[in-house]
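Accompanying notes for the structure given below.
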Amino acid sequence: MSNALPSRSENFAEWYNQLVLKAELADYAPVRGCMVVRPYGWALWENIKDALDKRFKETGHVNAAFPLLIPMSFFEKEKEHVEGFSPELAVVTHGGGEALAEPLAVRPTSETIIGYMYAKWIKSWRDLPVLINQWGNVVRWELRTKLFLRTLEFYWQEGHTAHATAEEAEEETRRMLDVYTDFAINEAAVPVVPGVKTESEKFAGAVRSYTIEAMMGDTKALQAGTSHFLGQNFAKAFNIQYLDKNNELQYVWTTSWGLSTRFIGAIIMTHGDDKGLVLPPRLAPIQVVIVPIYKSDAQRAEVLEAADRIRRALASRFRVKLDDRDNLTPGYKFNDWELRGVPVRVEIGPRDLAKGTVALARRDKPGREGKTFVPQEGLAETIAQLLDDIHHSLYQRALAFRKAHTHEPKGFDEFKEVVQNGWAYAPWCGDPECEAHIKAETKATTRCIPLEGESAEGQKCIYCGKPAKHKLYFARAY
RNA sequence: CGGGGCGUAGCGCAGUUGGCAGCGCACCGCGUUUGGGACGCGGGGGUCGGCGGUUCAAGUCCGCCCGCCCCGACCA
């Protein structure tokens, strides 16, 4: 048990850090707050990327790439945007050995440079809508960092669209929120609450921000994806104008939406257990690992041959790995693959050769409990069903966890109590000052006003007692 | 930036009153093992975070600096 992780209940933060390192998802880079995404972590990101990219294309978007360096002056054009982002900009002041005439910001997000380009490209109502997404990296000089959840540099996609009308832009904003919700639930098995951010929690420069909020294994909330209706703020800042059908000059309406490598953190903290990662089957880099078991050299040859035959038979349907490392015992490999979160493990040994079976172990039920013996005949179909079953039970388990830790406190005393270990769903007056007091007293922030929430009609603010405007979720958050 | 912890082999650490730089794991070789974290024997590997000082002698004492991690304020 030399590689044992701390348990989640004893130290969740430490469990998380060690798990990321030991499962070889990422490692600390030489620069504070930066991480190296290792091949296993990147493979997971690639699967996230593929699943999202497919959805973006299906909803009419195309990919492009905008530059990493942005003239500093661009950030001064939108008032809220500059206030929001200036403190965390990394700035390039020198190039080619000389001081630059104008410093360049390393992009923290690309609304400004894309806005600048859209102003060039958009002239007519016929040019609209513009539906572009970019996969890339951004830099934000955060004070306090954590692997995947908040690093100085992170990878993400950012969609930027321009529309003729507010209605169309709003519709786009909501459509992409739906895409994220669908992705979270149906690919990552992560239950999320889609909703609207309050004024104080919205994106710097947005009219309205939407979010998907997920509950982590320690009951804290994580903003797992965002979609912003930017109104005409950036259009006016960057002069993105077009002539409408009546030959009148109009500003466009824009949106932006993003999901980052932070989502990997969401997956880890939603599904992981004390033995390590539990990866959702549809995103797992390795869906099935085959562990051969043998004693003598003769057995080894026989078992490996059968194991490889099984690998080939499964390879067309699943991402499969045969663990033929000869210097490790099966017991070690079982633990190793459980740490790495592989959803299904196939064990094949001499006894199976004789009987035409394999042992099948499911990661969501670790140890001997999740192990069954099944015929080799029809194995692919058995595994397909098992992966599907694992996906659904992971989702249901996480959903049940969230429900069990979501409360509707009667008064503020109870509110303070429940947000120490869960979410509070409570009425609120809508006053940012009241929101700030709640945060100061409890560390809980407003997460979102759920799209499918209850009316706050006739209810009183959980904090100040004034008439409530919304019923929303409060939680301590990452 | 405030509080805490730490910097010695790839990782985790020990190093007493200043006196040959060590242990466990990992790694390499050989052999035996292999159905829930195997074992024996033999090996390789060091700018003790950096700079300066005290001393015959510094991982150890003194000063300065740097870096990382954790907890807070800020944030996807």
Strictly below 4.0 Å: does A:Arg144 bring a side-chain N or O up to OP1 or OP2 of B:rC71?
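Looking at the OP1 and OP2 atoms of B:rC71, one of them is under 4.0 Å from a side-chain N or O of A:Arg144.
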Between B:rC70 and A:Asn17, is there an OP1 or OP2 to side-chain N/O distance shorter than 4.0 Å?
yes
Paired nucleotide for [N] [Watson-Crick or G-U wobble; both distances under 3.5 Å]:
{"N": "B:rU16", "answer": "none"}
{"N": "B:rC68", "answer": "B:rG5"}
{"N": "B:rG36", "answer": "none"}
{"N": "B:rU55", "answer": "none"}
{"N": "B:rC41", "answer": "B:rG29"}
{"N": "B:rA21", "answer": "none"}
{"N": "B:rA73", "answer": "none"}

Rounded off to whole Å, could you give me the [atom1]-to-[atom2] distance for the [X] and [N] pair?
{"X": "A:Lys333", "N": "B:rG37", "atom1": "NZ", "atom2": "P", "result": "14 Å"}
{"X": "A:Lys439", "N": "B:rG72", "atom1": "NZ", "atom2": "C1'", "result": "12 Å"}
{"X": "A:Lys22", "N": "B:rG10", "atom1": "NZ", "atom2": "P", "result": "19 Å"}
{"X": "A:Met35", "N": "B:rC69", "atom1": "CE", "atom2": "P", "result": "13 Å"}
{"X": "A:Glu24", "N": "B:rG10", "atom1": "CD", "atom2": "P", "result": "17 Å"}
{"X": "A:Arg32", "N": "B:rG67", "atom1": "CZ", "atom2": "C1'", "result": "11 Å"}
{"X": "A:Leu21", "N": "B:rC68", "atom1": "CG", "atom2": "C1'", "result": "13 Å"}
{"X": "A:Leu149", "N": "B:rC70", "atom1": "CG", "atom2": "P", "result": "11 Å"}

Short side-chain donor-acceptor distance under 3.5 Å, A:Arg107 and A:Thr112:
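Side chains of A:Thr112 and A:Arg107: no pair found under 3.5 Å.
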Scan side-chain atoms only and decide if A:Glu111 and A:Ser256 contain a donor-acceptor pair under the 3.5 Å cut-off.
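Per modelled atom types, A:Glu111 and A:Ser256 side chains form a pair under 3.5 Å.
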Distances for protein N or O near nucleotides 47-51 of chain B N or O, under 3.5 Å:
none

[X] near the nucleic acid: base, sugar-phosphate alone, or nothing, with a heavy-atom cut-off under 4.0 Å?
{"X": "A:Gln299", "value": "nothing"}
{"X": "A:Arg345", "value": "base"}
{"X": "A:Tyr478", "value": "nothing"}
{"X": "A:Leu259", "value": "nothing"}
{"X": "A:Thr151", "value": "base"}
{"X": "A:Arg140", "value": "base"}

Is A:Lys197 reaching over with its side chain to a backbone N or O of A:Arg208, donor-acceptor style, under 3.5 angstrom?
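No.
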Would the [X] and [Y] ring centres measure less than 6.0 Å apart?
{"X": "A:Phe148", "Y": "A:Trp45", "answer": "no"}
{"X": "A:Tyr210", "Y": "A:Tyr180", "answer": "no"}
{"X": "A:Trp42", "Y": "A:Tyr155", "answer": "yes"}
{"X": "A:Phe415", "Y": "A:Phe412", "answer": "yes"}

State whether A:Phe74 and A:Lys77 meet the cation-pi test: NZ (Lys) or CZ (Arg) under 6.0 Å from the six-membered ring centroid, and within 45° of the perpendicular axis.
yes
How far does the [atom1] atom of [N] sit from the matching atom of [M], given to the nearest Å?
{"N": "B:rC39", "M": "B:rA21", "atom1": "P", "value": "32 Å"}
{"N": "B:rG15", "M": "B:rC23", "atom1": "P", "value": "15 Å"}
{"N": "B:rU33", "M": "B:rC66", "atom1": "C1'", "value": "49 Å"}
{"N": "B:rG4", "M": "B:rG44", "atom1": "C1'", "value": "39 Å"}
{"N": "B:rC6", "M": "B:rC11", "atom1": "C1'", "value": "15 Å"}
{"N": "B:rG40", "M": "B:rG46", "atom1": "C1'", "value": "28 Å"}
{"N": "B:rU47", "M": "B:rG7", "atom1": "C1'", "value": "14 Å"}
{"N": "B:rA14", "M": "B:rG3", "atom1": "C1'", "value": "28 Å"}

Where does the angle between the aromatic ring planes of A:Phe474 and A:Trp428 fall among parallel (under 30°), tilted (30 to 60°) and perpendicular (over 60°)?
perpendicular
Parallel, tilted or perpendicular: rings of A:Phe229 and A:Trp253 (30°, 60°):
parallel
Given RNA chain B, 5'-ward residue of the pair A:Thr226 and A:Gly33, judged by closest heavy atom
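Its nucleotide being nearer the 5' end, the pick is A:Gly33.
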Between N or O atoms, less than 3.5 Å apart, protein on one side and nucleotides 26-35 of chain B on the other: list the pairs.
residue : atom : partner  : partner atom : Å
B:rU34  : O2'  : A:Tyr294 : O            : 3.0
B:rG35  : O6   : A:Gly349 : O            : 3.4
B:rG35  : O6   : A:Pro350 : N            : 3.2
B:rG35  : O6   : A:Arg351 : N            : 2.8
B:rG35  : O6   : A:Asp352 : N            : 3.4
B:rG35  : O6   : A:Asp352 : OD2          : 3.4
B:rG35  : N1   : A:Asp352 : OD2          : 2.5
B:rG35  : N2   : A:Asp352 : OD2          : 3.3

Min side-chain heavy-atom separation A:Thr211-A:Glu201 under 4.5 Å
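No, too far: nothing below the 4.5 Å cut-off.
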Could you point out which residue of A:Arg340, A:Lys321, A:Arg345, A:Arg319 forms a side-chain contact (heavy atoms from CB on, under 4.5 Å) with A:Ile286?
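Of all the options given, the one that passes is A:Lys321.
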Closest to side chain of A:Lys443, choosing from B:rG72, B:rG37, B:rC69:
B:rG72
